[in-house]
There are 2 protein chains.
Amino acid sequence: MNQIHPIDVILHKRDGAALSDEEIQGFVRAIVERTGERQLVTDAQIAAFLMAVFLKGLDARELATLTAAMRFSGDTFDASSLKTFTIDKHSTGGVGDKTSLLIAPILAAAGIATPTSEEVPGICVPMISGRSLGHTGGTLDKLETIPGFNTQLGLAQLAEVLRRCGAALIGQTPRIVPADRTLYALRDHTGTVESPFLITASIMSKKLAESLNALVLDVKVGSGAFMPSYEQSRFLAELMVQTGERAGTRTVALLTNMEQPLGRFSGNWVEVWECVDIMKQVRHPMSADLIELSNLLSGSMLHLAGRAKTPEEGAGLADEILTSGAAYRAWLGIVEAQGGDLSVFEDPASHHRPQASTVIKASRPGYLASMDCKQVGWAVQRLGAGRAKPGDPVSAHAGIESHAKLGQRVEEGQALFTLFSEDESLLEEPRKMLLDTLVISEKPVNAPPLLREVVSAAGHESIS
Amino acid sequence: MNQIHPIDVILHKRDGAALSDEEIQGFVRAIVERTGERQLVTDAQIAAFLMAVFLKGLDARELATLTAAMRFSGDTFDASSLKTFTIDKHSTGGVGDKTSLLIAPILAAAGIATPTSEEVPGICVPMISGRSLGHTGGTLDKLETIPGFNTQLGLAQLAEVLRRCGAALIGQTPRIVPADRTLYALRDHTGTVESPFLITASIMSKKLAESLNALVLDVKVGSGAFMPSYEQSRFLAELMVQTGERAGTRTVALLTNMEQPLGRFSGNWVEVWECVDIMKQVRHPMSADLIELSNLLSGSMLHLAGRAKTPEEGAGLADEILTSGAAYRAWLGIVEAQGGDLSVFEDPASHHRPQASTVIKASRPGYLASMDCKQVGWAVQRLGAGRAKPGDPVSAHAGIESHAKLGQRVEEGQALFTLFSEDESLLEEPRKMLLDTLVISEKPVNAPPLLREVVSAAGHESIS
């Protein structure tokens, strides 16, 4: 193997060249293998490389190679010994987006419902999730409001939970994709976060480290999405699908609207409560969009897993699994296997104990026309439910409840949002942030559709 | 003053915006004011900024502001109390380029020759020079072969030598332009050296820190130049002239050919020897191009300093000062003032004491057609005269002597170069490097002209 000099890799990318596989692999290896004494590559060199990639981009092969080099930079999880169809879902992050809490049990129930056979293997969902950051919520923070629930399983424990339950919901371990840990920390403070190439390599290296047969991506568009325009979200979806397919993982991306918080609640325990209600057949009207999206994503996964002829048929199957109570039974099994206290699900509302709350009412009659969903997400964070920077603590009880959805008729004085916090002094700023962003129009407005487009290896399928 | 966040400056430049003066000043201040505990800006952030500037460029105002912020990041030298016309010369670096050793005494002699008056002030040349690096030589390394010569003067000592002699030849102090020290070290290992914007800010901040009335730049073109093409050298010259003029310093750039080593010798003591010979009226035929370039640059400086109506008249005056012995007297004064032992100039050849030498001869008759002058510079470095990285020691006695110039008729077996080293084992590689790069053609070839173009605030004046 030839020695790769980081400076040469930087120079080549800076000058717009396509990097060789050896260069990319050597650069990532230098990142992972450096220690205090052996600075094979410095932070400054990594930063220069990231900025060069940000401004010059990567072609499909370079991106696939970078993703693979990162994927194999540490431990990987391989469920092939379980002889199941391994599948996962990943969302680019939203507000009130708690579909993982429904999808994992739906898929687990579908896998259990169809016994393993030669033609139709069981399903295995090794869902490795993240934490809240900035305006977006995090699955781990929500799960950790369940007393005893352990998200920090090792890979052997993960395999055991999957064998028993078909799905598991755990956090990143330090030994999975260590290259991303270094790269992400540097991207965060060198202005190189919003690169679709670097985002793809970061997300896909972690997902592909689960050795997936298939992956469904929920790429958000709209005011609450990470990417600033529809076109940039679609480009990101295309890069991720292409990178997944090149790695041999069937990959489909759904472009879905994030113009308002998804479902009834945004926060931590309140989101668990909302999902438990749904799985217990307590369907609150504000949860309709959450159930629809969860069924769409589950449907696409069930289709890819060979459980349905079409994604639409899969979505119908997902809804049946929800309404039959099978998903709730699978949920209880997963939570129990991960050490969680099931008693909190008996009366979840009673475990929501904010110290302070305030209600935002419509200032005039009309139709709820728009809001800046990212601003709503930041309001949730400021209430205490999220974190401004990694490592900050989060509140279990802070959050918001939505009482109206976009397009809906509202009367003057009607409650639009209730804000919850553990500290009364934290209510005022989020209250102002929400008041600033809510627009009520006199004329009726159309509610935005949830699913906008499907991106797959076969091409795009426009929905709206 | 508003707080400038380095991350915002990076993001703006990354996205192609023109940075505000406050952003540029705040970023440079953060670089200089950071300490171990207060990392106002990290190396990684500086590297990301440098790569963004490399790829997005700077407009004329941004470049002037960056240069000024760097210039004033530490101590500056101000000779205004001497009531003289302060002028300097800077070269982008070459092989055998020893014009500083002739120009400083020529200008000093011209300043002394015309006594200070209201109309025509004296001349002051505070020449702050650098060291050999890579394929280029360094004035300080040459001067330090003179026993006792002290290049490490403080600014007060510098003023004293200037008051007595009209010129001084010293090294950078750590307190002059400290921002460049940090930026240059990072550029060197992050692939951001060859940016004309960053080169301009680096060179001009250091030159303008001498509070100059005027500056003449020798921007090299050709195979031994730092910039890879004529157009890039010209663009660099334009940026430097524009930046100097914006700072109120009359600035002129001469684009000059660096297709072969300048003069007779390339090395350290041998270059001092060659200049002493010239000033003592011992004009070796191989020194003709060196004398021509020295007179051209001195002429331009004398013109700017009001000593000549045109640069051409100034060049004539410079040659008179050389041939009259006035330059040599000024030289002895400067060396004495800086502590140097004048006795070595009595018989300079006797102080050239290499331990080993080898002669490269023409392999066939013809005309010396071309060489890769950068390769020749690297050969000089490998002989021991230069350094591959900052801090390496250099040999006083290593170097090469040119016995033929481009365009010259040579016979088979005629000596082309003599190589000198203090270690016989160091001769072989440079010998091969030179043999590889020398081209002898059957047909006559034209010698390249020395001066190609003059770039000034008034525009370009093409010479050839």
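Chain letters run A, B, ... following the sequence lines, proteins first, then strands; residues in each count from 1.
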Members of residues 180-188 of chain B whose heavy atoms come closer than 4.5 Å to chain A: L186(B), D188(B)
From CD (E194(B)) to CG (D15(A)), nearest 0.5 Å: 8.0 Å
Sorted by number, residues from residues 50-64 of chain A in contact with chain B (heavy atoms, under 4.5 Å): M51(A), A52(A), F54(A), L55(A), K56(A)
Over all atoms of both residues, closest heavy-atom pair of A44(A) and A47(B): O-CB, 3.1 Å
Result of checking T42(A), V41(A), I10(A) against H189(B) for side chain to side chain contact (heavy atoms under 4.5 Å, CB included): T42(A)
